[in-house]
Amino acid sequence: MASTQPSPIATLELSALTNLISTSASSDPLSASTVQILHNLQHQHLWTSLQVHDLKDSNLRASLLGAGLATTPSEDQTAPRYLISGIPPHRVYTHPDEQLYLLERGLREEDIELERMFVLPTVKNQPWSLRKMASVFDSLPNEVDIQAEEASMNDGKETNDGAGGEKGVKLVEYYEYRNKARLTKEWGGKRLLLAMVDRGMGGDGTVVYYIVQEGAVKPRQN
């Protein structure tokens, strides 16, 4: 009777995401979630110019200011540590009053330059409080910093890559009015995306994004 030899068991290769987390993330589980969300934004949602900001690293304050993010000290040691910023491929949210302004002037969202947006990495069932969320919004740049950053980025450049004619005039008027609306919060206050990863028992690693805004939000009219 011929003897049979057990066939070798094939070794499964780790996914690109698993390799990325294991090589670039620290032992902090929230750090690993940040890397996972960064990977999701880049490869699934096609965000560009992505950056990770460590809100509790005082040595990075100068670089964060250069990226348009000002950190503020917090007495709450359990406050979120990481933020992600990047430029999405399309506008994620438009305030109802801003949308009406664009419609009345025949402008489309595709005509407006894309802006950097902030993403808060979280994990499903992670404990939260209003104080923690307020500390996150306090860490975001204020309207004056945003205007200064946009002015430096657009220095020497024509609006909307040289768009001229009637649309160009309307776009210039739009950007000027937007600066005023930000100061008065006519088009709403600060906003960000809350990214939540399902990493609990039986979780499949799905990332869900929620729009979170500071203060009361004007309801949309149908």
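Basis for what follows: all heavy atoms, side chains included, without hydrogens, waters or symmetry-related copies.
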*Asks:* Between Ser49 and Gly86, is there a donor-acceptor pair closer than 3.5 Å when you use the side chain of the first and the backbone of the second?
*Replies:*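 Pair absent, no side-chain N/O of Ser49 close to backbone of Gly86.
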*Asks:* Among all residues two or more places apart in sequence or in another chain, which pass the ring-ring contact (aromatic ring centres under 6.0 Å, His included) test with Tyr209?
*Replies:*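 Tyr209: ring-ring contact (aromatic ring centres under 6.0 Å, His included) contacts with His45.
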*Asks:* To check you understand the geometry: which heavy-atom pair defines the closest contact between Asp111 and Leu171, and what is its length?
*Replies:*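 Heavy-atom minimum between the residues: O-CD2, 3.8 Å.
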*Asks:* With a 4.5 Å limit on heavy-atom distance, are the side chains of Met196 and Gln126 in contact?
*Replies:*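 Counting from C-beta outward, Met196 and Gln126 never come under 4.5 Å.
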*Asks:* Report yes if some heavy atom in the side chain of Glu115 is under 4.5 Å from a heavy atom in the side chain of Arg91; otherwise report no.
*Replies:*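 Yes - at least one pair of side-chain heavy atoms lies under 4.5 Å apart.
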*Asks:* Please round to the nearest 0.5 Å and tell me the distance separating atom CG of Asp97 and atom CG of Leu102.
*Replies:*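 Here the rounded value is 11.0 Å.
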*Asks:* Hey, is Lys170 close enough to Glu166 for a salt bridge, meaning N to O under 4.0 Å?
*Replies:*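 Looking at Glu166 together with Lys170, the answer is yes, because their closest N to O distance falls below 4.0 Å.
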*Asks:* Are the side chains of Lys167 and Leu107 in touch, meaning some heavy atoms are under 4.5 Å apart?
*Replies:*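 Contact flag for Lys167/Leu107 side chains = yes.
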*Asks:* With rounding to the nearest 0.5 angstrom, report the CG to OG1 distance, Asn40 to Thr206.
*Replies:*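 Here the interatomic distance stands at 9.0 Å.
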*Asks:* Dump the intermediate steps for side chain to side chain contact (heavy atoms under 4.5 Å, CB included) on Phe137 and Val212, then the final yes or no.
*Replies:* CA-CA 10 Å; Phe137 278 110; Val212 181; 3.9 Å; yes
*Asks:* Would a 4.5 Å heavy-atom cut-off, applied to side chains only, mark Leu140 and Leu83 as touching?
*Replies:*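 In contact.
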*Asks:* Minimum heavy-atom separation for Tyr82 to Val52, with atom names?
*Replies:*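 Looks like CD2-CG1, 4.1 Å.
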*Asks:* Do Met133 and Leu120 make a side-chain contact, defined as non-hydrogen atoms from C-beta onward lying under 4.5 Å apart?
*Replies:*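 Yes; the side chains approach each other to less than 4.5 Å.
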*Asks:* Can you find a heavy atom in the side chain of Ile112 that is under 4.5 Å from one in the side chain of Arg178?
*Replies:*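 Contact flag for Ile112/Arg178 side chains = yes.
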*Asks:* Would Trp187 and Leu100 show up in the same hydrophobic cluster when neighbours are defined by side-chain heavy atoms closer than 4.5 Å?
*Replies:*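 In one cluster with Trp187: Leu100, no.
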*Asks:* Would Arg105 pass as a cation-pi partner of Tyr101, given that its NZ or CZ must be under 6.0 Å from the six-membered ring centre and within 45 degrees of the axis?
*Replies:*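 Yes, Arg105 lies over the aromatic ring of Tyr101.
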*Asks:* If I compare all heavy atoms of His95 with all of Gly188, which pair ends up nearest, and what's the gap?
*Replies:*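 Here His95 and Gly188 meet closest at CD2-N, 3.7 Å.
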*Asks:* Students often mix this up, so state it plainly: with edges at 30° and 60°, are the rings of His39 and His43 parallel, tilted or perpendicular?
*Replies:*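 Rings of His39 and His43: tilted, 30 to 60°.
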*Asks:* After noting the C-alpha distance and the side-chain angles of Trp47 and Met117, does the key distance pass the side chain to side chain contact (heavy atoms under 4.5 Å, CB included) rule?
*Replies:* CA-CA 10 Å; Trp47 283 44; Met117 191 165 191; 4.0 Å; yes
*Asks:* Between Asn179 and Glu176 (side chain of the first, backbone of the second, donor and acceptor by atom type, cut-off under 3.5 Å), is there such a pair?
*Replies:*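 Judged by distance alone, no pair lies under 3.5 Å.
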*Asks:* Can you establish whether the number of heavy atoms outside Leu46 located under 6.0 Å from its atom CG is more than 12?
*Replies:*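 Counting neighbours around CG of Leu46, more than 12 heavy atoms of other residues, nucleotides or ligands fall under 6.0 Å, so yes.
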*Asks:* Compare all side-chain heavy atoms of Leu193 with those of Ile211 and state whether any distance is below 4.5 angstrom.
*Replies:*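 A side-chain contact exists here, since the closest heavy-atom pair is under 4.5 Å.
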*Asks:* Is it the case that the side chain of Lys190 and the backbone of Glu214 share a donor-acceptor pair, with hydrogens and angles ignored and the cut-off at 3.5 Å?
*Replies:*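 Such a contact is absent between Lys190 side chain and Glu214 backbone.
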*Asks:* Return the minimal non-hydrogen interatomic distance between Leu114 and Pro89, and the atom names on each side.
*Replies:*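 Looking at all heavy atoms of both residues, the shortest contact is CD1-O, 3.6 Å.
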*Asks:* Would you name the heavy atoms of Ser85 and Arg116 that are closest together and state the gap between them?
*Replies:*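 Nearest pair, atom of Ser85 first, then Arg116: OG-NH1, 2.9 Å.
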*Asks:* Show the nearest heavy-atom pair for residues Val119 and Pro121, with the distance to one decimal.
*Replies:*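 Answer, listing the atom of Val119 first, then Pro121: O-CD, 3.4 Å.
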*Asks:* Without hydrogens or angle criteria, can the side chains of Glu98 and Tyr177 be said to hold a donor-acceptor pair below 3.5 Å?
*Replies:*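 There is no such pair between these side chains.
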